[in-house]
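So that the names make sense, note that chain A is the first sequence line, chain B the second, and so on, each numbered from 1.
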Amino acid sequence: MKIQEADAKSLLLAQGLPVPGWEVARTATEARAAAERALAAGAEQVVIKAQVLVGGRGKAGGVKLASSADEAEAVAGRILGMDIKDITVRKVLVAAAADIVKEYYLSAVLDRSARRILLMGSAEGGVEIEQVAVATPEAITYQHADPYLGLLDHQARRLAFAMDLGPHWKAGVAIAKGLVRTMQAHDADLVEINPLAVVREGGAGSGDGSGERLVCLDAKVTLDDSALARHPELEALRDPDEEDPTDQLAREAGISFIKLDGTIGCMVNGAGLAMTTMDLVKRAGGEPANFLDIGGGARADKVAAAMRLILADPKVDAILVNIFGGITRGDEVARGLIEARSLQERDVPMVVRIVGTNFEEAARLLQEAAFETAGSLDEAAAKAVAASGGAAA
Amino acid sequence: MKIQEADAKSLLLAQGLPVPGWEVARTATEARAAAERALAAGAEQVVIKAQVLVGGRGKAGGVKLASSADEAEAVAGRILGMDIKDITVRKVLVAAAADIVKEYYLSAVLDRSARRILLMGSAEGGVEIEQVAVATPEAITYQHADPYLGLLDHQARRLAFAMDLGPHWKAGVAIAKGLVRTMQAHDADLVEINPLAVVREGGAGSGDGSGERLVCLDAKVTLDDSALARHPELEALRDPDEEDPTDQLAREAGISFIKLDGTIGCMVNGAGLAMTTMDLVKRAGGEPANFLDIGGGARADKVAAAMRLILADPKVDAILVNIFGGITRGDEVARGLIEARSLQERDVPMVVRIVGTNFEEAARLLQEAAFETAGSLDEAAAKAVAASGGAAA
Amino acid sequence: MSILVGRHTRLVVQGITGREGGFHAAAMLEYGTLVVAGVTPGKGGQTALDGRVPVFDSVHRAVAETGADTSCIFVPAAGAPDAVMEAVDAGIRTIFCITEGIPALDMVPVVQAIRDAGARLIGPNCPGATSPGQAKVGIIPGSVHREGRVGVVSRSGTLTYEAVQAMTDAGIGQSTCVGIGGDPIIGTTFSDILALFAEDAETDALVLIGEIGGDAEEQAAGWAAEHLADIPKVAFIAGRTAPEGKRMGHAGAIISGASGTAQSKVDALEAAGFRVAGSPTELPTLLRDAGYAG
Amino acid sequence: MSILVGRHTRLVVQGITGREGGFHAAAMLEYGTLVVAGVTPGKGGQTALDGRVPVFDSVHRAVAETGADTSCIFVPAAGAPDAVMEAVDAGIRTIFCITEGIPALDMVPVVQAIRDAGARLIGPNCPGATSPGQAKVGIIPGSVHREGRVGVVSRSGTLTYEAVQAMTDAGIGQSTCVGIGGDPIIGTTFSDILALFAEDAETDALVLIGEIGGDAEEQAAGWAAEHLADIPKVAFIAGRTAPEGKRMGHAGAIISGASGTAQSKVDALEAAGFRVAGSPTELPTLLRDAGYAG
């Protein structure tokens with residue numbers, strides 16, 4: 001699960017990391033008030049940042065500076081309601097614009113290959129780390145946290161020295177350790193600070209030179225969905241503004257669902273088989289309307305929920321059900337389908353293929369209920385494409 | 001550092017372990033009030049337990065039952081002020097007497113040989129585990145916690161099953177894990193529950209049969225002195241009533257000091273050398289007045305404190321200083337001795353032996369200041385014994 | 001021979017008295033697997049599967065009493081990492097963890113402990129392994145198999161069944177079929193399994209079933225290019241038409257750079273001498289094209 | 001030969017810019033030890049000991065630049081466990097930790113990591129080791145030593161110096177003197193050091209200096225009885241007159257049963273063929289009585 005920048009910053013702050021203050025505004029008026037407070041506290045400018053769960057906000061015009069309350073209100077007004085990669089901006093973050101001396105990159109991520117937490121740091125901050133990895137791979141330094149003990153002090157120090165943090169190395173050590181703590185405390189997959197920045201404190205307006213400080217200027221956190229059940233505190237961070245009602249239904253039913261642009265609804269058990277089913281639908285000349293994995297051991301109620309998800313898309317004119325029973329039992333899926341069809345309002349042609357565990361009983365039930373069935377997956381895909389074409393014709 | 005039963009129970013309670021309620025009373029009147037509350041809450045009897053940092057309270061008459069408030073007051077009056085192994089009882093713990101079905105033993109201890117935390121459990125509870133270890137060693141079950149991950153669930157389960165906790169095995173698992181958490185949270189060397197007991201809840205007075213429950217009826221915790229600096233919460237548990245002013249001075253000066261019955265005060269660096277010095281004093285016909293290790297790298301102020309500690313004992317009639325410099329520098333000790341002697345009120349003959357690091361400078365300083373010195377340790381012991389005899393003669 | 005599981009496998013099922021554990025333990029027993037013990041804490045002394053399998057309180061007890069040498073875990077996610085630790089501590093050296101939904105960070109110390117002990121963990125969130133005609137451990141339906149000499153390794157669950165069924169339908173049997181699991185942190189990789197097949201005298205050809213995301217297939221291709229030049233090899237990659245950015249986490253993308261796409265995987269596998277199928281049903285034909293005559 | 005440290009030891013001193021670290025690093029250098037590097041985070045690029053030793057930010061850097069193979073740690077207690085972890089992670093295989101006052105539980109994972117890495121930790125709270133005429137690592141005053149063929153192992157600090165001085169004064173030199181440290185959790189035991197001496201061609205006799213508490217001396221005696229029958233062996237145990245119950249923790253008492261008293265240790269050592277001295281000054285005579293002619 002992705003969470004908003006402002007929420008990510010809250011998690012870091014709770015671990016004692018240096019994150020400059022911010023406010024979240026839902027209207028231009030709120031943004032103006034927040035800007036007024038920041039300017040009154042000595043900021044020369046404020047930054048207004050769209051809160052959306054996609055990258056590239058800056059390029060899309062979702063991050064702007066303002067030098068006055070009027071300007072802040074105007075800028076916030078333009079950003080709020082803007083669409084960034086199909087997501088409508090409903091909130092902005094307002095903060096004093098930092099006086100940046102130098103930008104760094106620091107992140108903690110779950111490294112699947114090494115099976116450990118990986119820390120990545122770079123003196124090339126403020127740009128996407130993927131670009132740095134391609135352009136100047138030697139500019140990135142890596143440290144794997146100990147699999148039993150987490151990030152050890154000396155590992156954090158080596159990271160900080162390799163990042164050339166200079167006099168800020170101790171702050172860098174504390175932040176690196178804080179990222180790993182954040183990751184462990186909330187079961188995050190990724191905790192990314194970009195930029196981690198040395199900023200001048202006090203600003204010119206305050207009249208004194210004051211010091212420099214290493215702070216987290218931006219924050220990105222993604223959470224392990226498998227661990228959400230044990231983190232009720234994180235469920236509160238789910239952003240209802242950004243979640244499609246269909247996505248919400250899918251999540252609540254425990255179904256993995258991604259809406260696509262085609263016409264053939266797919267209901268499959270297993271992610272790999274679901275992708276394969278989509279691949280074969282496309283190969284047979286059709287267009288899948290969705291990716292849908294009902295998961296292992298799916299029962300009748302899950303099948304019914306999956307059916308509702310698929311039919312919620314008005315473009316769907318055929319459904320392909322492909323179940324290969326293992327932990328999932330074919331007869332239960334068949335019963336679920338029969339029940340779901342009896343309740344569904346829209347009549348859409350359906351091709352059902354159930355093989356594996358308890359497939360004989362499933363076949364019997366489906367035959368009794370006069371479902372159209374298929375033997376091989378290729379055949380099922382072909383029949384579904386034909387059905388879809390037929391309806392469209 | 002040892003802590004009182006009541007404090008140990010507080011630490012366990014804070015980790016969520018089942019510890020029946022108790023109150024601490026400093027007077028018989030307070031004990032009466034506490035007993036009244038326990039009896040009013042349904043207890044048939046209350047138990048009154050002397051709070052002293054030594055074992056064998058029961059045998060010494062420091063643990064008694066009472067069936068009424070009057071009796072509780074009388075019993076508490078007898079226990080308060082009692083001396084148990086030279087310690088005067090100044091507090092008692094008052095609690096509802098448990099209706100014990102069966103007693104067990106459970107502890108977590110730092111196992112020096114295995115270099116891990118060791119859990120020990122036994123169905124033979126309520127008696128000293130050392131006795132069980134001798135009489136029926138097979139009645140004790142052992143589990144070493146994982147050195148990286150602590151006590152794993154399956155280890156706690158194996159312990160609980162081997163202890164024959166029957167239907168209470170899940171409670172046993174939770175308690176075993178809690179002991180290790182307590183140990184880790186406070187850097188304890190030992191967390192011991194004896195007895196861990198299955199008790200009948202509610203009591204006959206409450207009129208219902210109610211259930212049985214596994215609870216920690218007694219608790220003993222000793223803390224790692226090396227870790228106290230990072231546990232300010234534990235320093236508050238130090239019992240000023242039980243600490244000798246000399247012990248307090250020693251602790252504050254960072255000196256390891258144990259008062260003995262002899263006449264020759266010893267000031268040595270290193271515990272092994274300090275014991276050896278005592279051994280040789282005794283061999284030479286004298287009696288050491290104390291064990292005193294000024295520790296490594298001792299400076300002048302520590303030497304002065306050590307001198308005060310030794311001279312606080314009126315029986316001391318000679319002092320043997322034995323310093324073998326390594327991390328400790330001989331010249332600094334010599335300067336400390338010279339300064340300490342200039343300040344000391346009581347003039348006691350002193351034999352000084354300083355060898356090792358910077359011994360030449362030390363020798364020069366001591367010679368200038370006209371100290372009596374010695375070459376070998378045997379010689380130093382003989383001279384000190386002679387000086388002590390001379391003064392006593 | 002076969003790999004991982006076989007005729008001599010003595011299996012303990014952790015979580016045997018649960019719904020899934022009981023159902024699949026029965027299926028394994030029926031397939032012919034030596035299910036010698038079950039473990040459910042607190043149910044030691046009982047029996048499972050109509051009295052055919054004794055249940056113990058701990059894996060240690062099960063090993064001591066029955067000589068179990070392999071474990072299959074159906075314990076719910078909250079207890080599954082500890083169940084793996086228990087198995088390895090009890091001396092089990094081949095551990096299948098079927099459980100899905102285990103938080104990834106929970107597995108980090110577990111896979112390290114497995115390495116430290118010199119044991120092998122397959123999964124979690126894996127369907128297990130079957131050596132047709134000998135034994136099956138896990139949840140792969142026994143009916144899809146046929147005895148033979150092709151080794152199959154996959155990180156999908158049901159897609160594995162699909163691929164194996166296609167082979168069986170075409171008359172191509174398997175030496176062992178292994179599902180390594182699709183979780184972020186798994187105990188055994190494609191390369192590990194390929195290395196086992198490379199040493200197996202009764203495996204004459206290989207099938208690898210991958211999917212988009214991560215770089216496990218690319219790494220396996222690299223290993224195969226070096227060590228498996230002469231054996232017929234075919235592969236299938238799921239997700240060729242999946243829209244970008246929907247399944248691949250940012251994490252995986254950062255670390256593995258350009259890899260992770262279906263194209264990257266197909267390219268790597270083809271460069272390593274794999275023939276890559278467009279549908280699971282094409283696997284038998286490609287195997288024969290690659291020179292497999294079994 | 002000698003054990004642990006010698007002419008070829010390339011030493012890095014962790015905490016070299018601290019008061020104790022600097023003082024003793026200078027003494028080691030003066031003794032002839034190859035002090036090739038110092039480590040103090042944040043002071044990389046500077047030098048220590050009047051420009052004679054380069055300082056690095058990390059042990060990794062020190063190893064890479066100077067080929068250091070042994071470390072001596074003077075880092076304060078709060079940072080010392082991590083300093084050990086850093087040394088082992090940097091590939092150092094012989095690590096002396098002089099630091100005292102480290103909380104015991106902090107060392108539990110550290111000693112396990114040392115074992116897992118196949119490294120050796122001496123200490124913490126130990127005085128180090130000296131191979132007279134070759135190198136000294138730690139804080140044992142160089143002046144107490146004399147080159148020779150008697151191996152000394154002790155868990156005390158200053159008592160070790162006392163015993164070694166007595167030998168030197170009597171004309172008996174040492175191959176290596178090792179202080180293993182007196183903390184509850186230490187990396188290397190008496191038995192470990194005896195085993196090293198047993199393999200050392202230049203060690204002809206052994207001196208063991210113990211003290212009351214715990215059962216390390218009893219264990220060492222057991223090992224020696226089995227493996228060191230033919231070598232002259234003497235011992236000294238401190239604390240024969242210490243009152244009971246004052247130094248022995250409950251913990252040690254529980255685990256080791258009857259052992260821990262001076263008598264138990266003397267009995268065990270004598271049964272294993274050690275001659276046990278009543279004073280450190282008697283060690284030379286007893287060595288000669290035991291047949292040592294060096």
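Counting heavy-atom pairs closer than 4.5 Å to chain B, the top residue among S143(D), G210(D), G101(D) is G101(D). Ranked by heavy-atom pairs under 4.5 Å with chain D, the list D187(B), D261(B), D279(B), D224(B) is led by D279(B). Among V108(D), I209(D), I102(D), the residue with the largest count of heavy-atom pairs under 4.5 Å with chain B is V108(D). Looking only at heavy-atom pairs under 4.5 Å with chain B, the residue among D169(D), T281(D), L159(D) that has the most is L159(D). Between chain B and the options G278(D), A77(D), G157(D), A216(D), heavy-atom pairs under 4.5 Å are most frequent for G278(D). Among the candidates R240(D), E162(D), Q112(D), the residue making the largest number of heavy-atom pairs closer than 4.5 Å to chain B is E162(D). Contacts with chain D were tallied for M183(B), R116(B), R230(B); R230(B) has the most, counting heavy-atom pairs under 4.5 Å.
Between the side chain of K302(B) and the backbone N or O of A306(B), no donor-acceptor pair lies under 3.5 Å. Between the side chain of N290(B) and the main chain of C266(B), a donor-acceptor pair closer than 3.5 Å is present.
R57(B) and E5(B) are joined by a salt bridge, as a carboxylate oxygen and a charged side-chain nitrogen come within less than 4.0 angstrom of each other. Using a 4.0 Å cut-off between charged side-chain N and carboxylate O, R155(D) and E217(D) make a salt bridge.
Using a 4.5 Å cut-off between heavy atoms, P184(D) touches chain B through backbone and side chain atoms alike. Using a 4.5 Å cut-off between heavy atoms, V144(D) contacts chain B through its side chain alone, with no backbone atom that close. With a threshold of 4.5 angstrom between heavy atoms, A113(D) approaches chain B through its backbone and through its side chain. Proximity to chain B involves both the backbone and the side chain of T241(D), based on heavy atoms less than 4.5 angstrom apart. For E100(D), the part sitting under 4.5 Å from any heavy atom of chain B is the side chain, from C-beta outward, and nothing else. Heavy atoms of I186(D) lying under 4.5 Å from chain B belong exclusively to its backbone.
Heavy atoms from other residues, nucleotides or ligands lying under 6.0 Å from CD of E270(D) number more than 12.
In this structure, the side chains of S264(D) and E218(D) come closer than 4.5 Å at one or more pairs of heavy atoms.
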Please list, one pair per line, the donor and acceptor atoms closer than 3.5 Å that link side chains of residues 15-26 of chain D to other protein atoms, with sequence neighbours excluded.
residue: T17(D); atom: OG1; partner: T40(D); partner atom: OG1; Å: 2.8
residue: R19(D); atom: NH2; partner: E332(B); partner atom: OE2; Å: 3.1

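Scanning for ring-ring contact (aromatic ring centres under 6.0 Å, His included) contacts around Y148(B) gives Y148(A), with sequence neighbours left out.
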